[in-house]
K.L.:
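Take this structure first; my questions come after.
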Amino acid sequence: MDLLDTLTAKGLRGEVPTREEALAVLATTDDELLDVVAAAGKVRRRWFGRRVKLNYLVNLKSGLCPEDCSYCSQRLGSKAEILKYTWLKPEQAADAARAGVAGGAKRVCLVASGRGPTDRDIDRVTDTMAAIKDADPEVEICVCLGLLSDNQAERLKAAGADAYNHNLNTSESTYGDIATTHTYADRVDTVQKAHGAGLSACSGLIAGMGESDEDLVDVVFALRELGSDSVPVNFLIPFEGTPLAQEWNLTPQRCLRILAMVRFVNPDTEVRIAGGREVHLRSMQPLGLHVANSIFLGDYLTSEGQAGQADLDMIKDAGFEVEGAGEATLPRHRADIAAASGCGSTASGAASGCGSAASACGSGGGCGPCGGHGHAEPAGAAVANEAAAESADGLRSDLVKVRRRGAGTELAPNA
């Protein structure tokens, strides 16, 4: 196929395709899917080998957000029955982070719901980062607190943060359809503030909100132009109690085509499969590893992921290996660019947050897919209600479960 030969050649040289070529990837058929994955896989292996970076989310403050993002279970007016709690103490957050690092996570993403942090919130996160780094000085930390004010990114950088996550989520032309309490320009401004302070910029998108192929291509090219070091690709978790609860538009094949398009546009940038991979890729998750080079380990902010050991088994069975703490995530030329912009490095000299993958966080004003099913089911109810959970097109809404363990609970995490 001429298109895939062209895209592979460009990707191996680190070149970006045209918008028309990116759109053509999304228009390929299911019969061509394995060829698309194979082509994107060649580009992935050129720049990242067979390494998979593991990241772990710690939800510092859950629910009760004043923003109205339509996709988010923590939004203003959400009726989703998620965990709600105020700020974790630094030692509680450090304990949660320790579980992820013990499971192989190289990066911890600290997330808090809300429009943006106050100066007191920055102090809280500073204390939390210190507690985490006291336990493991090599761990990378990405912070995700919403919209930043002047000098807050610099304070986070000085306190030891490696990266900052803030997603664009969708195209500028359609952003007003999913949120009205802030603008697309506000999000761009926060990403620029983080990058300007020397933090690795982590910014991504959400697919499955009813957007067009053109919207997806627009936001991916915008992320490329912003210089995002890490591009988390989230697949909408249509949780009950939010305006997008009925948006079950994705298939595993569609998700793989989206991942491939993101890879071709970002050949030498970290691409992370973030929220919704278990729900939408399902049994085809291992194919996603041939395109993306990073995933989250275990649970998300307000929804459960598959067991951490299952993630590790999947990586091994697919012929990949977990990226070690001493390995730079991004290729050397990307790490050099990051270093020149003021980003730090690890003690071993390997590129840290700014040259390695940022935290890939997902679908909220902050990091990490906040998804979750609207109601927790009693034991055995999922099986009993399986037939009822089938939607008209056969997609399984019962696969989504609210997080009831880990940070903010008395139950152990599944990392």
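The shown structure was predicted, so the numbers you read here are calculated from the model rather than taken from an experiment.
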K.L.:
Any Lys/Arg nitrogen of E21 or K10 sitting under 4.0 Å from an Asp/Glu carboxylate oxygen of the other?
P.N.:
yes

K.L.:
Quick test of your reading of the model: are E67 and R115 salt-bridged, counting only N-O distances below 4.0 Å?
P.N.:
yes

K.L.:
Mind jotting down which residue pairs meet the salt bridge (Lys or Arg N to Asp or Glu O under 4.0 Å) criterion with at least one end in residues 244-256? Sequence neighbours excluded, please.
P.N.:
D213-R254

K.L.:
For the residue pair E270 / S294, report whether a side-chain donor-acceptor contact shorter than 3.5 Å exists.
P.N.:
yes

K.L.:
Parallel under 30°, tilted from 30 to 60°, perpendicular over 60°: which one fits the rings of H280 and F235?
P.N.:
perpendicular

K.L.:
Could you tell me which residues satisfy salt bridge (Lys or Arg N to Asp or Glu O under 4.0 Å) with R46, sequence neighbours excluded, listed by chain and number?
P.N.:
none

K.L.:
Identify which one of K106, K157, K133 satisfies the salt bridge (charged side-chain N to carboxylate O under 4.0 Å, His left out) criterion when paired with D162.
P.N.:
K133

K.L.:
Could R155 and D119 be called an ion pair, given the rule that one side-chain N must be under 4.0 Å from one carboxylate O?
P.N.:
yes

K.L.:
Under 30°, 30 to 60°, or over 60°: which ring-plane class applies to H182 and Y175, parallel, tilted or perpendicular?
P.N.:
tilted

K.L.:
Is a donor from one side chain sitting under 3.5 angstrom from an acceptor on the other, for Y71 and N169?
P.N.:
yes

K.L.:
Begin with the C-alpha distance, continue with both residues' side-chain angles, and end with the deciding distance and a verdict on side chain to side chain contact (heavy atoms under 4.5 Å, CB included) for V36 and L256.
P.N.:
CA-CA 9 Å; V36 172; L256 288 170; over 6 Å; no

K.L.:
Scan side-chain atoms only and decide if S171 and D215 contain a donor-acceptor pair under the 3.5 Å cut-off.
P.N.:
yes

K.L.:
Are the aromatic rings of Y164 and H195 close, with centres under 6.0 Å apart?
P.N.:
no

K.L.:
Kindly compute the distance separating CZ (R124) from OG1 (T126), expressed to the nearest 0.5 Å.
P.N.:
11.5 Å

